Trainee: 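Right, I'll just put the structure down here and ask away after.
Quick caveat: nothing in here was measured; it's all calculated off a predicted structure. Lettering of chains follows the sequences in order, A, B, ..., and the numbering in each one begins at 1.
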Amino acid sequence: MDYLNGLNEAQRTAVTAPPGPVLVLAGPGSGKTRVLTHRIVYLIQELNVSPWRILAVTFTNKAAKEMRHRVEQMMDGRLRGLMMGTFHSTCARILRRETDNLPYYDRDFVIFDTADQQQVVKQALKDLNLDDKKFPPRKMLNGIGSAKNEIITPDEYRATNYIATITQRVYEQYQKTLHANNAMDFDDLLMNVVLLFDERPDVLAKYQQQYQHILVDEFQDTNTAQYAMLKRLAAAHSNILVVGDSDQSVYRWRGADYRNINRFRESYPGAQQILLEQNYRSTQLILDASKAVIQHNHNRVHKDLFTDREGGELIVVREAYNDLEEADTVVNTIQSLLLDGHSPSDFAVMYRTNAQSRSLEEAFVRANMPYRLVGATQFYKRREVKDIIAYLRLAHNPLDSVSYGRIVNTPTRGIGAKTKENLAHWAASQGLTPVEAHMMLAVDPDVQHPFRGRAFNALSRFGALLDAWITLREQISVGELMDAILEQTGYREYIDDGTEEGNDRWANVMELRSVAAEDTGVSLSEFLEQVALVAEADNVDATVNATTLLTLHAAKGLEFPVVFITGLEDGILPHSRSFDDVESMAEERRLFYVGMTRAEDQLYLSHSFRRAVWGEPEVMTPSRFLNDIPFDLVDGVGTGKRRERTKKRASSWNWSSSSHAPARRVPPPPQKRMPTPQYLEETAAPPPPLTQSQFRTGQKVQHAKFGIGTVIESKLVGSDEEVTVAFPETGIKRLAASFAKLEKIND
DNA sequence: GGATCTCATGTTTTT
DNA sequence: CATGAGATCC
């Protein structure tokens, strides 16, 4: 049988497990995608299950697409109705179909992203007369989001402290606003499905009947709401197979809880449990190193990963002077590996935070090397793209006040703050929405209104445009509607000002236009939904022959022959926000583990001696995780030795001729004056405040005790100068210039 | 009404 | 350092 081809025993057991609850614990690279695809084929071919009776939930749209593709290949495409997608897209589809059974929503509801949510919270705070300084929208949204993840409605929200009482009020108002906008946020998609199922047993029964078999990928990253949804759907038949690995759980901050794996065991005591331990991706050496790292986490299900790929290249650990040098080292390494016959797409460079991509990008550009950046300033978050989507959204759902607020005067068309406010007032007094008010001014010559002259012209002109688009949206394609909007608003003239940036922005608009052109049959509603639910990792285009730059989070589920993980420093990986919480720290470790286990053949780890986290560069400590990799698996020297070498290099750093010399602004920027300490005022003649530092970065200096060293940085503090010097023997010292008696040395 | 500037503010990861 | 809000100027 086709579906058993090339499977090992554990995989076969999983694929052919009898219907019922199945828990597959799958280590990295153990072929879980294979299990899922073969299982689907098995269900269809062997158990005669109709494709439309299967629901498969994946973590990204890309994973869903790939899986569908593989299944199609194995089955010659008899797949009509197979439901495959992310939790969010699955929920959106169910809700879209059930709008008749939903209070507050109709078929045209839109999905609000994080930025939209921010706007809604701000509005809610305003409505409640609350100060957004005292109650930061971000914090409020956190509270609201966690409530929704736990399926707690505003009514059920129990406040246990003062902030929470505020959060409760904001949450309530926030939901009202969303309802008025015919909009849901990401968390609503999940919560509303569960609420619907609970309120309408008949609706639930319908879906239980339809989805006789449920498969879930990346189960360790489900949250309470997602698990609740699965449980309800599976309640009738318990035909649910979940695949997960608690060691790869990295979305706790988003409400994911790997303990759902334990809950699954409790919910289905008879569940068959299958352990996939054979790894088909990495060398034994990479596996051993990864295992050594993850072993430091407690309360794990022990897995004994093994592979046929004995031995393997040693892991290379390097320290760079700073992030620039680190990036250059990565690029240089890639260049030399290219000479050995590698192709650019064999490599991936990973990092903890998006901000770190910058120096890497620059290094690739300098070296003229192809790269592809996943995420960062994501395409759909760009201003111009959001503008155009806002126009489309408003045409689709005129109740969307966030989109309205975004584009009512973008490009500027003479509707300023004052006019906007007047219109809102008038609209409210007439019982109209702002969009309706605009349209009324445009189409009804007899309407009574308080506007005159310029304001009236601007308002009604915009009303005429809105009216036209709303009519057009049913008649023409998304692309054509976009063309009409672009032309009638003069968007190009507005955004493309002839500068390079303007060019780029217009190019992004055109990119969006081509997305709309790709699938012509797509309705406006479908288009907007697709656009709202794209994931970071969805944009990893494997067809381009370029090196991939991505965050560790975005790397989950991917694999590459050669992997670089950069920024292995305490404060970066593990991230500084994780230090005071054991669980967060454990998650940072898992993140590192995920990164390491992406590598097939070679793994390069690097950290920088100095890094500017924000503003001024600081001396960094190598990541604690590096110490957990057994010595004999590493090429090169241990952490201590490495640091010593860097110190030496720091002191002999060739500042003047190196392109890496930090740009020194001339004249030096004005320094903040620190309040003069009391004891200084008592001395007779305080030295005149310094206006310029005496020591430059790179300057060689002589110290009485420490010998010769190199200035790393120097800043003015009060009336003194604080000089940081690297001494080859002693290390880094921070010295006050007035005490240290440093002598400048010319070499 | 709109553009431009300054200042402050706060930064993980993303459906 | 990058974005956003508020003030100021045109």
Trainee: Does a side-chain N or O of A:N149 approach OP1 or OP2 of B:dT15 to a distance below 4.0 Å, or not?
Mentor: no
Trainee: Take the angle between the ring planes of A:F456 and A:H449 and call it parallel below 30°, perpendicular above 60°, tilted in between.
Mentor: parallel
Trainee: Are A:F364 and A:Y371 an aromatic pair, judged by ring center distance below 6.0 Å?
Mentor: yes
Trainee: Given that A:E588 and A:G414 both sit by DNA chain B, which one's nearest nucleotide is further toward the 5' end?
Mentor: A:G414
Trainee: In whole Å, what is the span from the CE atom of A:M585 to the P atom of B:dT13?
Mentor: 17 Å
Trainee: Check DNA chain B against residues 244-254 of chain A and give the residues with a non-hydrogen atom under 4.0 Å, in numerical order.
Mentor: A:Y251, A:W253, A:R254
Trainee: Provide, to the nearest angstrom, the distance between the CZ atom belonging to A:F59 and the P atom belonging to B:dT13.
Mentor: 15 Å
Trainee: Using whole Å, report how far CG of A:N223 lies from C1' of B:dT14.
Mentor: 13 Å
Trainee: Kindly point out which of B:dT13, B:dT15, C:dC1 is positioned nearest to the side chain of A:R358?
Mentor: C:dC1
Trainee: Looking at A:N409, I'd like to know whether one of its side-chain N or O atoms comes within less than 4.0 Å of OP1 or OP2 on B:dG1.
Mentor: no
Trainee: Within the 4.0 Å heavy-atom criterion, would you say A:D113 contacts the bases, only the backbone, or no part of the nucleic acid?
Mentor: nothing
Trainee: Does A:D131 pair with A:K126 as a salt bridge, N-O distance under 4.0 Å?
Mentor: no
Trainee: State whether A:K556 places a side-chain N or O below 4.0 Å from either non-bridging phosphate oxygen (OP1 or OP2) of B:dT15.
Mentor: no
Trainee: Round to the nearest Å and state the distance from A:L141 atom CG to B:dT14 atom C1'.
Mentor: 14 Å
Trainee: Please tell me if A:T114 has a side-chain N or O lying less than 4.0 Å from either OP1 or OP2 of B:dT15.
Mentor: no
Trainee: Just how far, in rounded Å, is P of C:dT3 from CZ of A:R138?
Mentor: 16 Å
Trainee: Can we say A:D113 and A:K386 salt-bridge, meaning some charged N sits less than 4.0 Å from an Asp/Glu carboxylate O?
Mentor: yes
Trainee: Check the distance between B:dT15's P and A:F112's CZ and give it to me in whole angstrom.
Mentor: 19 Å
Trainee: When all nucleic acid strands are considered with a 4.0 Å heavy-atom cut-off, which category describes A:I415: base, sugar-phosphate, or nothing?
Mentor: sugar-phosphate
Trainee: Pick base, sugar-phosphate or nothing for A:K420, based on heavy-atom distances below 4.0 Å to the nucleic acid.
Mentor: nothing
Trainee: Whole Å only: how far is the CG atom of A:L423 from the P atom of B:dG1?
Mentor: 12 Å
Trainee: Not counting sequence neighbours, list each pair that qualifies as a salt bridge (Lys or Arg N to Asp or Glu O under 4.0 Å) and has a residue in residues 570-583 of chain A.
Mentor: A:R252-A:D581, A:D570-A:R624, A:E583-A:R590
Trainee: Quick one: on DNA chain B, does A:S578 or A:T412 contact a more 5' nucleotide (nearest heavy atom)?
Mentor: A:T412
Trainee: Please determine if A:K148 and A:D185 form a salt bridge, counting it only when a charged side-chain N lies under 4.0 Å from a carboxylate O.
Mentor: yes
Trainee: Output the rounded distance in Å from CZ (A:R589) to P (B:dT13).
Mentor: 21 Å
Trainee: Are any of the side-chain nitrogens in A:R505 or A:E384 under 4.0 Å away from the carboxylate oxygens of its partner?
Mentor: yes
Trainee: Looking at A:D108 and A:R96, does any basic side-chain N land under 4.0 Å from a carboxylate oxygen?
Mentor: no
Trainee: Say you pick atom C1' in B:dT13 and the same atom in C:dG4; how far apart are they, in whole Å?
Mentor: 23 Å
